[in-house]
Novice: 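Structure below; questions to follow.
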Amino acid sequence: MARYDAAVEILKKLVAFDTTTAQSNLDLIAYVQGYLEQYEIKSHLIYSEDKTRANLWATVGNDSCPGIILSGHTDVVPVEKDGWNFSPWQLTEHDGKLYGRGSCDMKGFLAVCLAHVPELVAAKKQTPVHLCFSYDEEIGCMGVHSLVEDLAKLHHLPKIAIIGEPTMMQLVRGHKGKMLVSCTVSGHAGHSSAAPQHLNAVEYGARAIAIIADHAKNFAENGPYNHDYTIPHSTMLTTLADGGIATNITPDSCRFVFEIRNIPEQPAETIFAEVRHQVENLFSATTKEHFPQASFSWKVENRYPGMAVDENSEGYQFVKALHPEVAACVSYGTEGGIFQQEGKIPAVVCGPGNIAQAHMRNEYIEKDQIVQCSTFIEKLFAAL
Ligand SMILES: [Zn+2]
């Protein structure tokens, strides 16, 4: 119970920092740094290019053997103007729930981890615990890359990263990856009455979008499949499309955006390469000759890899022993795939709160979830 009270006290402080993504999180980071300093724990900060945001990592214990990572992001999604019953920046308890932006996604987890630091320090465990707190997760896991890169300075690669995104404390062993791509089609404009003399960018955009839809249909009908997922195959769809400037002008430009959500065994890069190849073949050699400006230009707007933990790894076995219930796979993404792919560190997701409350008005976390997370962290530390 003492740890629960400590966690709520810390959560109050964390929620009070407006760390909406792309705004500064430095006040929150300074608070965490100060808190850890009380226990003589040194923090490493890795700043964003413009120095307004920072990742923090800190090791409790000695880097004398492979440790475990407790990881979370410090940023939160923007607050809706209306519809909040309590101040989003002031943790409010009501009916067994703690309300506030970020209470669930995911300052609740950070608070529980920090609340257990004093007991971890006192226990003087052999295995180190690395706290990894990132920025700019909510705009496509942008901040964590430099943190994962910095972890290479450790003498021993950690054996597991536990990402505390809200899973109702269920152990999640895999999630899909995501790639968001924009495409601009360049054609040739003119009076629409002379359409055959022009190159209609919107129509070529439409043909490209149809190719994307065909690929998506093929994933559904022919796989590859992974039945660990509710939707057991990769998905792909166009979500934005825009082109043309007037009803009587052949449009010379069209832009559309599509996303790929891939199962970990089917890399998004491969899907993108196939789509791109097929779309670029839409312009025949003759068309290219007549309209040298005819082109599709592509931009990967953001991406994060899928996560599929190596179930035979020592780290996964360690966590699984503490959490014997069946581990799940989910469709939403986390920083776990980046720890796994870029850091070569096996990753799982397990944290307090329900993903259904994340990114919502009146975001809350149930008090019981804080208690359950606290119990998990206690068990975890005892097993080190
Ligand atoms: Zn989150």
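Whatever order the structure lists ligands and atoms in, that order sets their numbers, starting from 1. In what follows, every heavy atom counts, from backbone to side chain, and hydrogens, waters and symmetry copies are set aside. Only a predicted model underlies this, so the values are computations on that prediction, with no experimental measurement involved.
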Novice: Under 3.5 Å, which donor-acceptor pairs do the side chains of residues 370-379 form with other protein atoms, sequence neighbours left out?
Specialist:
| from | atom 1 | to | atom 2 | distance (Å) |
| --- | --- | --- | --- | --- |
| Gln372 | NE2 | Asp368 | OD2 | 3.0 |
| Ser374 | OG | His116 | NE2 | 2.7 |
| Thr375 | OG1 | Val371 | O | 2.9 |
| Lys379 | NZ | Leu322 | O | 3.1 |

Novice: Could you tell me if the ring centre of Tyr39 sits under 6.0 Å from that of Tyr35?
Specialist: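 Judged by ring-centre distance (under 6.0 Å), Tyr39 and Tyr35 do meet the cut-off.
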Novice: Indicate every side-chain donor-acceptor pair of residues 242-251 with a distance under 3.5 Å to a residue at least two apart or in another chain.
Specialist:
| from | atom 1 | to | atom 2 | distance (Å) |
| --- | --- | --- | --- | --- |
| Thr250 | OG1 | His198 | ND1 | 2.8 |

Novice: For residues 356-367, pull every pair meeting side-chain hydrogen bond (donor to acceptor under 3.5 Å, both in side chains), keeping only residues two or more places apart or in separate chains.
Specialist: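 Those involving residues 356-367 are Glu93-Lys367, Arg101-Glu363, Asp105-His359, Glu138-His359, Gln357-Tyr364.
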Novice: Please list, in chain and residue-number order, the protein N/O/S atoms closer than 2.8 Å to the Zn ion (ligand 1).
Specialist: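 The answer is His73 NE2, Asp105 OD1, Glu165 OE1, Glu165 OE2.
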Novice: Using only heavy-atom distances, determine whether the side chains of Asn226 and Glu265 contain a donor-acceptor pair under 3.5 Å.
Specialist: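 Yes, a side-chain donor-acceptor pair sits under 3.5 Å.
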Novice: Side chains of Ser146 and Asn55: is there a donor and an acceptor less than 3.5 Å apart?
Specialist: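 Short answer, yes.
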